[in-house]
Chemist: 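Handing you a structure now.
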Amino acid sequence: QVQLVESGGGLVQAGGSLRLSCAASGRTFSSHAMGWFRQAPGKEREFVAAISRSGGSTYYADSVKGRFTISRDNAKNTVYLQMITLKPEDTALYYCAADRHRTVGASTFVREYDYWGQGTQVTVSS
């Protein structure tokens, strides 16, 4: 069992930056691929970024490529999402998720993640 707690969300103007953090409990963090997803009101949860167990492979949604960077620190049991050049359409509740099955790479699909945090709100004003 992995428990995930997100932090770092907030209100920011368009063009601004935020860094989200996701702290994981337990000693098995490094054996989980990790992902960030987001959900805006009235929309389905969507993939944002993912990172493999070692951090050697990363994946991004086209909408955030070049603006968001996912990283992880296995010694600190934490995964990060650095977001720059934020846009109003980035406004959403951002979730961290852990996948205990995938041994290579990381999935971009919601259904393949086993554990989820409660989310942190990101609001970008125009």
Side-chain angles (χ1 to χ4, degrees):
Q1 187 82 10
V2 174
Q3 293 184 324
L4 304 171
V5 179
E6 303 96 335
S7 61
L11 173 64
V12 63
Q13 288 188 332
S17 302
L18 283 173
R19 187 175 84 152
L20 306 184
S21 298
C22 173
S25 65
R27 295 176 289 180
T28 61
F29 176 73
S30 61
S31 64
H32 292 71
M34 301 296 295
W36 285 97
F37 295 80
R38 66 187 182 187
Q39 188 166 17
K43 295 188 176 182
E44 291 188 354
R45 193 168 299 188
E46 65 174 8
F47 168 73
V48 175
I51 189 166
S52 62
R53 292 180 172 188
S54 68
S57 298
T58 56
Y59 308 84
Y60 297 95
D62 287 344
S63 59
V64 307
K65 207 169 289 184
R67 300 188 298 121
F68 290 11
T69 302
I70 189 171
S71 62
R72 66 189 296 163
D73 185 336
N74 285 343
K76 294 183 178 179
N77 282 10
T78 303
V79 62
Y80 305 97
L81 186 68
Q82 178 68 50
M83 307 183 294
I84 66 171
T85 321
L86 283 160
K87 304 175 180 180
E89 51 264 42
D90 294 319
T91 294
L93 190 59
Y94 282 70
Y95 295 93
C96 169
D99 177 358
R100 63 189 174 98
H101 296 290
R102 184 170 291 267
T103 57
V104 177
S107 174
T108 63
F109 296 101
V110 171
R111 64 178 181 270
E112 295 193 6
Y113 284 80
D114 304 289
Y115 307 108
W116 293 83
Q118 294 300 306
T120 185
Q121 179 67 38
V122 172
T123 304
V124 184
S125 63
S126 57

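No hydrogens, no waters, no symmetry mates; every other heavy atom, side chains included, goes into these values. For reference, positions follow the sequence shown, starting with 1.
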Chemist: Please name the residue in the list Leu86, Val124, Thr120 that meets the side-chain contact (heavy atoms from CB on, under 4.5 Å) test with Leu18.
Modeler: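 By the side-chain contact (heavy atoms from CB on, under 4.5 Å) criterion, Leu18 pairs with just one of Leu86, Val124, Thr120: Leu86.
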Chemist: Supply the atom-to-atom distance Ser7 OG to Gln118 CD, rounded to the nearest 0.5 angstrom.
Modeler: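 Reported to 0.5 Å precision, the distance equals 13.5 Å.
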Chemist: Would you please name every residue forming a side-chain hydrogen bond (donor to acceptor under 3.5 Å, both in side chains) with Asn74, sequence neighbours left out?
Modeler: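 So Asn74 forms a side-chain hydrogen bond (donor to acceptor under 3.5 Å, both in side chains) with Arg72.
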Chemist: Within this structure, what is the CZ-CG distance for the pair Phe29 and Leu4, rounded to the nearest 0.5 Å?
Modeler: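 With rounding to 0.5 Å, CZ (Phe29) is 8.0 Å from CG (Leu4).
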Chemist: Are the side chain of Ser25 and the backbone of Gln3 linked by a donor-acceptor contact shorter than 3.5 Å?
Modeler: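 Such a contact is found between Ser25 side chain and Gln3 backbone.
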Chemist: Not counting sequence neighbours, which residues clear side-chain hydrogen bond (donor to acceptor under 3.5 Å, both in side chains) with Thr91? List them please.
Modeler: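 Partners of Thr91 under the side-chain hydrogen bond (donor to acceptor under 3.5 Å, both in side chains) test: none.
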Chemist: Taking only residues two or more places apart in sequence or in another chain, which ones pass ring pair (Phe, Tyr, Trp, His ring centres under 6.0 Å) with Phe37?
Modeler: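 Testing Phe37 for ring pair (Phe, Tyr, Trp, His ring centres under 6.0 Å), a comparison that skips the adjacent residues, returns Phe47, Tyr113, Trp116.
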Chemist: Are the side chain of Glu6 and the backbone of Cys96 linked by a donor-acceptor contact shorter than 3.5 Å?
Modeler: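 It does hold such a pair.
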Chemist: Taking Phe68 as the starting point, is it possible to reach Ile51 by hopping between hydrophobic residues whose side chains are less than 4.5 Å apart?
Modeler: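 Both belong to a single hydrophobic cluster.
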Chemist: Could you give all pairs that pass the salt bridge (charged side-chain N to carboxylate O under 4.0 Å, His left out) test and reach residues 28-42, with sequence neighbours left out?
Modeler: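 Non-adjacent pairs meeting salt bridge (charged side-chain N to carboxylate O under 4.0 Å, His left out): Arg38-Glu46, Arg38-Asp90.
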Chemist: When rounded to the nearest 0.5 angstrom, what distance separates CZ in Arg67 from CD1 in Ile84?
Modeler: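 Between Arg67 CZ and Ile84 CD1, I get 8.5 Å after rounding to 0.5 Å.
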Chemist: With a 4.5 Å limit on heavy-atom distance, are the side chains of His32 and Val2 in contact?
Modeler: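 Heavy-atom side-chain distance check passes, below 4.5 Å.
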Chemist: Just how far is it from atom CE of Met34 to atom OG1 of Thr78, taken to the nearest 0.5 Å?
Modeler: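 If I round to the nearest 0.5 Å, the distance is 9.0 Å.
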Chemist: Determine whether Val48 and Tyr115 fall in the same hydrophobic cluster, where Ile, Leu, Val, Met, Phe, Trp and Tyr are linked whenever their side-chain heavy atoms lie under 4.5 Å apart.
Modeler: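 Looking at the clustering, Tyr115 is in the same group as Val48.
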Chemist: Any side-chain heavy-atom pair from Asp99 and Asp114 closer than 4.5 angstrom?
Modeler: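 Yes - at least one pair of side-chain heavy atoms lies under 4.5 Å apart.
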Chemist: Could you tell me whether the side chain of Leu93 reaches within less than 4.5 Å of the side chain of Gln121, counting heavy atoms only?
Modeler: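 Result yes, sub-4.5 Å side-chain heavy-atom pair found.
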Chemist: Between Ser107 and Ala50, which heavy-atom pair has the shortest distance, and what is it?
Modeler: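 Closest pair (atom of Ser107, atom of Ala50, distance): O-CB, 3.6 Å.
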Chemist: Can you tell me how far the CG atom of Asn77 sits from the OG1 atom of Thr28, to the nearest 0.5 Å?
Modeler: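 Asn77 CG to Thr28 OG1: 8.0 Å, rounded to 0.5 Å.
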Chemist: Restricting to pairs with a member in residues 51-62, which pass side-chain hydrogen bond (donor to acceptor under 3.5 Å, both in side chains), not counting sequence neighbours?
Modeler: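 Applying side-chain hydrogen bond (donor to acceptor under 3.5 Å, both in side chains) to every pair that reaches into residues 51-62, excluding sequence neighbours, yields Asp62-Lys65.
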Chemist: Enumerate the ring pair (Phe, Tyr, Trp, His ring centres under 6.0 Å) contacts for residues 81-102, please, sequence neighbours excluded, ordered by first and then second residue.
Modeler: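 Residue pairs with at least one partner in residues 81-102: there are none.
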